[in-house]
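First up is the structure itself, then whatever we jot down about it.
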Amino acid sequence: MPIDIDIAHVARLARLGLSDEELSGYQAQLGVILDHAARVQEFDTEGVEPTAHPLSMVNAFRPDEVRPSLDRREVLEQSPAHEDGYFRVPPHLETQ
Amino acid sequence: MSYHSLSDASAALRDGSVTSRELTDAALDRASKTEAELHAYLTLDHDGARQSADAADAAFAAGRDSGPFQGIPVAIKDNLVTRGIETTAASQILAGYIPPYDGTAVARLKAQGAVITGKTNLDEFAMGSSTENSAFGPTRNPWNTNRVPGGSSGGSAVAVAAGSALVGLGSDTGGSIRQPAALCGVVGMKPTYGLVSRYGLIAFASSLDQIGPITRTVEDSVAALETLAGHDPLDATSYRGDVPDFRVGFDDGVAGLTIGVVRQLSGEGFEAGVEAAFRRTVDLLSEAGARVVEVSLPSLDVSLSAYYLIAPAECSANLARFDGVRYGLRHDGPTVEEMMTATRADGFGPEVIRRILLGTYALSAGYYDAFYGQAQKVRTKVIQDFEAAYEQADVLVSPTAPTTAFEVGSKTQEPLSMYLSDICTIPSNLAGDPAISVPVGLDDAGLPIGFQVMAPALGEAVMFRVARAVERAVAFEQRPPMLEVWS
Amino acid sequence: MNWEPVIGIEVHVELKTASKMFCGCRVDFGSEPNTNVCPVCLALPGALPVPNEQAIEWIVQIGLALNCTISPQSLFHRKNYFYADLPKNYQISQFDIPVCSGGFLDVVLDGETVRVAINRVHQEEDTGKSIHVGGGGRIHSAEATLLDFNRAGVPLVEVVTEPDIHSPAQARAYAQQLRSVIETLGVSDAKLEEGSMRFDANVSIRPQGDQELGAKVEVKNMNSFRSLERALAYEIVRQTELREDGQRIPQETRHWDEEAGITQGMRSKEGSSDYRYFPEPDLVPIVVSDEQRERIRSTLPELPHERRARYVDFGLDSHAAWVLVSGEDGLAGLFEDAVGLGADPKQVAKWLTGETTAYLRREDATIESRALTAAHLVEMTGMLAAGKLSASAAKEVLTGVLDGEGSPGEVATARDLIQMSDGAAIEVEVDAVLDSNPDALEKIRSGDMKPFGFLVGQVMRATSGKADPKVVNEILRNRASQ
């Protein structure tokens, strides 16, 4: 049974501006995939700890040392818009 | 000339029978003859490659030798950032992006004086198994251009198979090095998680991704890993112990080793030609003195489901940074929110959007425990199953993929069916273990078949030893017939 | 009905490490925009975070200073939300297993101690800064936001209380005393005005006696202790009026407007937030061993509450001890130095917490900017004890010293404030007064004390107020009993 998901909400969370048509296409595909993925729920994992990571390493740190930063010109050159050394974007919703 | 192995070329460069410039020109020449049909590369860096080749030749002339990659033409998958060379991960969202730094793997190759031929095609952000999900058009299989090369490192596999590079770098999240290597008749290996720094690899699924080499021989795979492996302070998940000696027992054969055949990786869904080549290879290993046992990985079936929750979940966060603010594509809008939303919808292809949506859903409130949380527990079971199997066998073996190269376009409309074809390769990524694919023959249609050898974490030496024995026993030396036409 | 306010406070503290939390970029707030940035803190494709060891050491210090349990193993998580000043569009933070949990801070308010329970102290990273420009009638410049990522990735420690605070004054005292702890540890500039220490408060009200919590309102943008107290006071009144009026209080985030003195609802970003926390796969767990924890504990400096206790042992009352430790910067140091030079602790404390503090507030000055030294305090309290200064003259002398006019002796001399405390000289003056007022002396001798004050006044007048009244009293009593 395909799983029915609130695709519009998920797309909003992921900041993907999709048309209604696209949304319903993805909703159908994801329903089928999730139905398959839901098999993880049938698997008996009683008493099994989750693994977030294949490594059993701990404490990977760096010393508090300053390293050279990037050249600002090179950084801003790659940006879609910049002004006075800043990245420039359209205004936030709240500031409108 | 462009069909040397790394070790042959390395020796030839040192005895003066060939120059790096000759090797490089030959690789670029091959590319110029094949690219129109194969499209292995997104970017060819003719000038940069020739400069590096000349620099390598000057180094040889001056008696400087920085390592086996000095003067060797290498193709880099385009999800590895290269300073000054456009890096797109085959996505519109990064079209035109020039990174200001080299990733660690690339830096290690460059430090030895490697020649970067260019950046190879892939499924967008490494999401796919056919290199059809590239925003810049698919790559084709040199054995049959109606077929896919596999993926996602299809471009690097094809470059090596076709001779437009001697070695290719790929990344492997669920089989993305091994499966295209298998489908293109070359050797592809995924190292133990953490052995090769991921710094500079555009992340797909951080806990699964590893960089590895695609080569023509197992020996080359060892040499490449020796160059790539080692602790990197820029990657907190980089292995901090001493790099093991990968050559222990390399040429000792398989006598005295126990080979575990994974019971679940055969039967339904596996092509007859693939199964036959696999059995034949196992028999050869048995004849060579290996003890062959059957082992079971009971969680294998459900591991695929776990993978298709874990990888999208991680990717949904990893790809959040592509928002039109600091680099790459921007689709403007009246507010920054609308700008981001439009940019991301425009810039990502359908497979990437599908996985971002899937991962976002799997992590969202109310579903985390049932999906992502549960998938992480399955991951623990997969690791436990492998541990139990390695009590019975030194290495595990299986076909690398259930089928040989399929036709371009045949699976693009059925994402689930494409996902299911990764069943042989995904478990090693979940466990973080090393695995290699070695070509062992052709099917009736003349398409290559790969044989996978899996080993426990940091067990690269025994994995290479068995892979080397396979390579010797099957003596697969065939080249794509089209190479004659293209040369 | 009586309403009880319930307040929880989240404090963000920027650590003053040399480099950022996950990369080697310099932590420096005066730089040109986007000059302290690298692939990691700009979230360029392929970059990976590596945590700063110093930050981890410091958060453990903070946790220990706040009586927290240090987790033997804790995890970083990704907190996912899109915002232009957050380069990765997720923040590396902590979720279910923070470095420190379950502590408390004993807060002194009006001489009483209130224990504020700390829920957790966790490590995370700061965002960049955005500036809104254009619009407002400027034709040549469209409305836009400019982004500077120098601050992105600066280590942040978040200290979260339980909803354990029940008045704006308590909230202010907690915030001030937490800052005093952070300053003592020396791990942050802890400057409110520069944003290196920032508060958010969760406020709700409930009928007195109820156990259940009401809908909580998050109040942001309070940039001083005073505005924290004002904002909370405003918010409590607002909520109380709504409830008395029979209205529901919606759960929301409100912005404190310092000028208007009100809180205002913010336009919500995306309905209810769903941060999709999951373990950060680019990082491995943080393990703090027992040995490491105890080593860090053993290097902790004397904390404010410990220092207060020591001052009380000097004989100070708890309020004076608190003002010295948590009041104006530098008072405690002066106090300790003066006591070290042999001054009477109670006297020194009295002049520092009283007149000196009042002076600094009045002048809006810091103690460092003034000439007062420990030696001055020793000299001045010595003059007081020797009767060379009256209490009122001492106030003037102290003001003069703070104003930079010189040492207490120099100021007193220059302003002619030295008191006559020489018995023989005063006796001459007393006898002269008695000679001219024989009747008064007679009355006193017969037991009528009424003229006593008059006689003291006459002596003071004769000495232009410089005679030590104590000595005058003593001599007069002697003469009367002869």
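There is no contact between A/R62 and chain B, counting heavy-atom distances below 4.5 Å. Only the side chain of B/L420 comes within less than 4.5 Å of a heavy atom of chain A; its backbone N, CA, C and O stay farther away. For a residue to count as touching a neighbouring chain, one of its non-hydrogen atoms must lie under 4.5 Å from one of that chain's; by this rule B/D433 does not touch chain A. Proximity to chain A is limited to the side chain of B/L309, based on heavy atoms less than 4.5 angstrom apart. Looking at B/S316, there are no atoms closer than 4.5 Å to chain A (heavy atoms on both sides), in backbone or side chain. At a 4.5 Å heavy-atom cutoff, the contact between A/F87 and chain B is made by side-chain atoms alone. B/Y367 does not touch chain A: none of its heavy atoms, backbone or side chain, sits under 4.5 Å away. Residue contact with chain A, scored on non-hydrogen atoms closer than 4.5 Å, involves the backbone and the side chain of B/I98 alike. Interface remark: B/A320 contributes no atoms to any contact with chain A (heavy atom separation under 4.5 Å). A/N59 touches chain B through its backbone: at least one of N, CA, C or O sits under 4.5 Å from a heavy atom, while the side chain does not. Heavy atoms closer than 4.5 Å to chain A are found nowhere in B/I310, neither backbone nor side chain.
Heavy-atom pairs under 4.5 Å with chain A peak, among B/M340, B/Q384, B/R330, at B/R330. Of the listed residues A/S79, A/G25, A/A11, the one with more heavy-atom pairs under 4.5 angstrom with chain B than any other is A/S79. Of the listed residues B/A306, B/P350, B/A317, the one with more heavy-atom pairs under 4.5 angstrom with chain A than any other is B/P350. The candidate from B/Y308, B/F371, B/Y101 with the greatest count of non-hydrogen atom pairs under 4.5 Å with chain A is B/F371. The candidate with the highest count of non-hydrogen atom pairs below 4.5 Å against chain A, out of B/R326, B/E414, B/M339, is B/R326. Ranked by non-hydrogen atom pairs under 4.5 Å with chain A, the options B/G96, B/G432, B/P100 are led by B/P100. Highest contact tally toward chain A, considering only B/L416, B/L357, B/T360, B/D323, is held by B/L357 [criterion: heavy-atom pairs under 4.5 Å].
Between B/D332 and A/P90, the closest side-chain pair of non-hydrogen atoms falls below 4.5 Å.
Of the inter-residue distances, the one linking A/L30 atom CG with B/Y361 atom OH reads 9.0 Å to the nearest 0.5 angstrom. Between atom CD of residue A/Q41 and atom NZ of residue B/K377 there is a gap of 11.5 Å, rounded to the nearest 0.5 Å.
Remark: A/R39 engages B/D301 in a salt bridge, criterion side-chain N to carboxylate O under 4.0 Å.
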Self-check item: B/Q376 vs A/E49, side-chain contact (heavy atoms from CB on, under 4.5 Å): CA-CA, chis, key distance, verdict
Solution: CA-CA 8 Å; B/Q376 285 194 315; A/E49 288 295 312; over 6 Å; no
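Checking side-chain atoms of B/Q374 against main-chain N and O of A/V40 turns up a donor-acceptor pair under 3.5 Å. Remark: side-chain polar atoms of B/R344 are not paired, donor with acceptor, to backbone N or O of A/L16 under 3.5 angstrom. In this structure a side-chain-to-backbone donor-acceptor pair under 3.5 Å is missing from B/T380 to A/V48.
A centroid separation of 6.0 Å or more is found between the aromatic rings of A/H36 and B/Y419.
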Could you pull out all donor-acceptor pairs under 3.5 Å where a side-chain atom in residues 64-74 of chain A meets a protein atom, sequence neighbours excluded?
{"residue": "A/D64", "atom": "OD1", "partner": "C/A18", "partner atom": "N", "Å": "3.3"}
{"residue": "A/D64", "atom": "OD1", "partner": "C/S19", "partner atom": "N", "Å": "2.8"}
{"residue": "A/D64", "atom": "OD1", "partner": "C/S19", "partner atom": "OG", "Å": "2.6"}
{"residue": "A/D64", "atom": "OD1", "partner": "C/N52", "partner atom": "ND2", "Å": "2.9"}
{"residue": "A/D64", "atom": "OD2", "partner": "C/A18", "partner atom": "N", "Å": "2.9"}
{"residue": "A/D71", "atom": "OD2", "partner": "A/R73", "partner atom": "NH2", "Å": "3.4"}
{"residue": "A/D71", "atom": "OD2", "partner": "A/E74", "partner atom": "N", "Å": "3.3"}
{"residue": "A/R72", "atom": "NH1", "partner": "C/P33", "partner atom": "O", "Å": "2.5"}
{"residue": "A/E74", "atom": "OE2", "partner": "B/R83", "partner atom": "NH2", "Å": "3.3"}

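When the side-chain contact (heavy atoms from CB on, under 4.5 Å) test is applied to B/D385, the partners found at least two apart in sequence or on another chain are B/L297, B/P298, B/S299.
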